[in-house]
J.: 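Provided herewith is a single structure, encoded as structure tokens, for subsequent inquiry.
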Amino acid sequence: MENRYDIITRLNDHYRKMSKGQKAIADFIYDHYDHAVFMTAARLGDTVGVSESTVVRFASFIGYNGYPEFQKDLEEWVQNKINSVQRIGAKYGRSSQSEILTSVLNSDIEKIEDTIENLDAVAFETAVDIILEAKNVYIMGIRSCAPLANFLHFYLNMIRGNVILLSSTSMSETFEQMIRIDENDAIIGISFPRYSMRTLKAMEFANDRNAKVIAITDNVHSPMNLYSSCNLFARSDMVSIVDSLVAPLSLINALVVAMCLKRPEEVKQDLKSLEYAWNNYQVYLNDEINFIDEEPMLNYPLRKDKS
């Protein structure tokens, strides 16, 4: 049975109280655990930019008797990750394509059902209110979570103004984009294993500025919960080489629908204005075909007839 208090859980639980140097070590392990597992304390310290003694004290700080015990636990955790991929190969190796499809879809259904059962309704309603009432809303999700962040940004921008999608490969550029965030604003951080330290640091920065912080992540052990005032959990377990994002996407979709229902008249008016702009300037003429009376509408007039 997998240890529920593994090294990553230890890092999550102690992260908030870590010093700057200790956080640098933790960040490296989060992002490069496959390299860190082979490093001595001295090598890890050189790579991160701290002393060997800092690395040794770091191991003790998160509950180990010394660096060797820490490294052994990290090795076991990495091995479990490798074994999980091997188990996937054993499970699906001789399956037909249709069997794989059925198995993966059923697994996604299970994740949605689990998300429904464990979702905090109060936290969900709080998130809706925070997003609607904030002066500016910042959204961050990178790597595999980037499509989720883009989806939320696209629809949230239709519901209300002042929505900023934080997209950068540089932490300093991210801070530049949110330099004016304050207590009137909100940030939504989206991250699932492997967790993004850039997203976490953006949430920490927002929290330091007294902004409202919403986390969309997988469970209570996620480091994304460290700086958030509102946590929304959606299950995202590995079923193949990639993580399933079906449940997180459904959760985000539910957020959008809930916001639309809470301010129906404003949303209706915004969508009417947007539709007029689309029609008036032929926005979709070249890349989409609309069907009216079963005929493609390819020659839409440039401006509506005012008569």
J.: So which atom in Ala123 and which in Cys230 form the shortest heavy-atom distance, rounded to 0.1 Å?
T.: O-SG, 3.0 Å
J.: Within a strict 4.5 Å, meaning less than it, do heavy atoms of the Met140 and Thr174 side chains meet?
T.: yes
J.: Under the criterion side-chain contact (heavy atoms from CB on, under 4.5 Å), I'd like the reasoning laid out for His32 against Met39: C-alpha separation, chi angles, the key distance, then a yes or no.
T.: CA-CA 11 Å; His32 307 286; Met39 292 181 174; over 6 Å; no
J.: Report yes or no: do Phe28 and Phe38 belong to one cluster of Ile/Leu/Val/Met/Phe/Trp/Tyr joined by side chain heavy-atom distances under 4.5 Å?
T.: yes
J.: So does Tyr155 have more than 12 non-hydrogen atoms from other groups sitting under 6.0 Å from OH?
T.: no
J.: Does any part of the side chain of Leu255, heavy atoms only, come nearer than 4.5 Å to the side chain of Phe124, both counted from C-beta?
T.: yes
J.: Name all residues meeting the salt bridge (Lys or Arg N to Asp or Glu O under 4.0 Å) criterion together with Lys72; count only those two or more places apart in sequence or in a different chain, and write none if there are none.
T.: none
J.: Could you grab the distance from atom CZ of Arg57 to atom CD1 of Ile25, nearest 0.5 Å is fine?
T.: 9.0 Å
J.: side-chain contact (heavy atoms from CB on, under 4.5 Å) for Asn162 and Tyr138? Distances and angles first, verdict last.
T.: CA-CA 9 Å; Asn162 301 321; Tyr138 297 81; over 6 Å; no
J.: Would you say the side chain of Ile188 lies within less than 4.5 Å of the side chain of Ile190, judging by non-hydrogen atoms?
T.: yes
J.: With the side chain counted from C-beta on, respond yes when Met203 and Ser228 share a heavy-atom pair under 4.5 Å apart, and no when they do not.
T.: yes
J.: Do the side chains of Leu156 and Leu132 join up, straight or via other hydrophobic residues, at under 4.5 Å, putting them in one cluster?
T.: yes
J.: If I take atom CG from residue Leu44 and atom CD from residue Gln71, how far apart are they, to the nearest 0.5 angstrom?
T.: 9.0 Å
J.: Rounded to the nearest 0.5 Å, how far does CG of Leu148 lie from CD1 of Ile216?
T.: 8.0 Å
J.: Are Val37 and Tyr67 linked, directly or through other ILVMFWY residues, by side chains that come within less than 4.5 angstrom of each other?
T.: yes
J.: Could you pull out the closest heavy-atom pair between Leu251 and Ala234, with the gap in Å?
T.: CD2-CB, 4.0 Å
J.: Show your working on side-chain contact (heavy atoms from CB on, under 4.5 Å) between Ile142 and Arg198 and close with a plain yes or no.
T.: CA-CA 8 Å; Ile142 62 175; Arg198 274 188 284 142; 3.1 Å; yes
J.: Measure the CD-CG distance between Gln177 and Leu166 for me, rounded to the nearest 0.5 Å.
T.: 5.5 Å
J.: Before giving the answer on side-chain contact (heavy atoms from CB on, under 4.5 Å), spell out for Ile187 and Ile139 the whole-Å C-alpha distance, their side-chain angles and the decisive distance to 0.1 Å.
T.: CA-CA 6 Å; Ile187 183 172; Ile139 303 172; over 6 Å; no
J.: Is it possible for you to say whether Phe192 and Phe233 belong to one hydrophobic cluster, with membership spreading through side-chain heavy-atom contacts below 4.5 Å?
T.: no
J.: About how many Å separate NZ of Lys212 and CD1 of Ile181, when rounded to the nearest 0.5 Å?
T.: 10.5 Å
J.: Looking at every non-hydrogen atom in both residues, tell me the closest pair between Ala247 and Arg235 and how far apart they are.
T.: CB-O, 3.4 Å
J.: If you take all heavy atoms of Ala186 and Ile130, which pair is closest and at what distance?
T.: CB-CG2, 3.7 Å
J.: As a test of understanding, state which of Val128, Ile131, Ile159 forms a side chain to side chain contact (heavy atoms under 4.5 Å, CB included) with Val256.
T.: Ile159
J.: Do you know the tightest heavy-atom contact between Asn225 and Ala215?
T.: OD1-CB, 4.2 Å
J.: Within the 4.5 Å heavy-atom criterion, are Phe70 and Val55 side-chain neighbours or not?
T.: no
J.: Where do Lys201 and Phe175 come nearest, in terms of heavy atoms and distance?
T.: O-CE2, 3.9 Å
J.: Are any of the side-chain nitrogens in Asp129 or Lys262 under 4.0 Å away from the carboxylate oxygens of its partner?
T.: yes
J.: Are Lys135 and Glu183 ion-paired here, with the side-chain N under 4.0 Å from a carboxylate O?
T.: no
J.: Evaluate the side-chain proximity of Asp185 to Val137: yes if any heavy-atom separation is below 4.5 Å, no if none is.
T.: no
J.: Under the side-chain hydrogen bond (donor to acceptor under 3.5 Å, both in side chains) definition, can you give me all pairs with a residue in residues 43-52, not counting sequence neighbours?
T.: Ser51-Ser53, Ser51-Thr54
J.: When rounded to the nearest 0.5 angstrom, what distance separates CD in Gln22 from CZ in Phe61?
T.: 5.0 Å
J.: So, do Tyr64 and Ile62 sit near enough that their side-chain heavy atoms are less than 4.5 Å apart?
T.: yes
J.: Do other residues, nucleotides or ligands put more than 12 heavy atoms under 6.0 Å from Glu75 CD?
T.: no
J.: Are any non-hydrogen side-chain atoms of Asp120 and Leu232 less than 4.5 angstrom apart?
T.: no
J.: Going by the rule side chain to side chain donor-acceptor pair (under 3.5 Å), which residues pair with Tyr15 if we only count those two or more places apart in sequence or in a different chain?
T.: Asp27
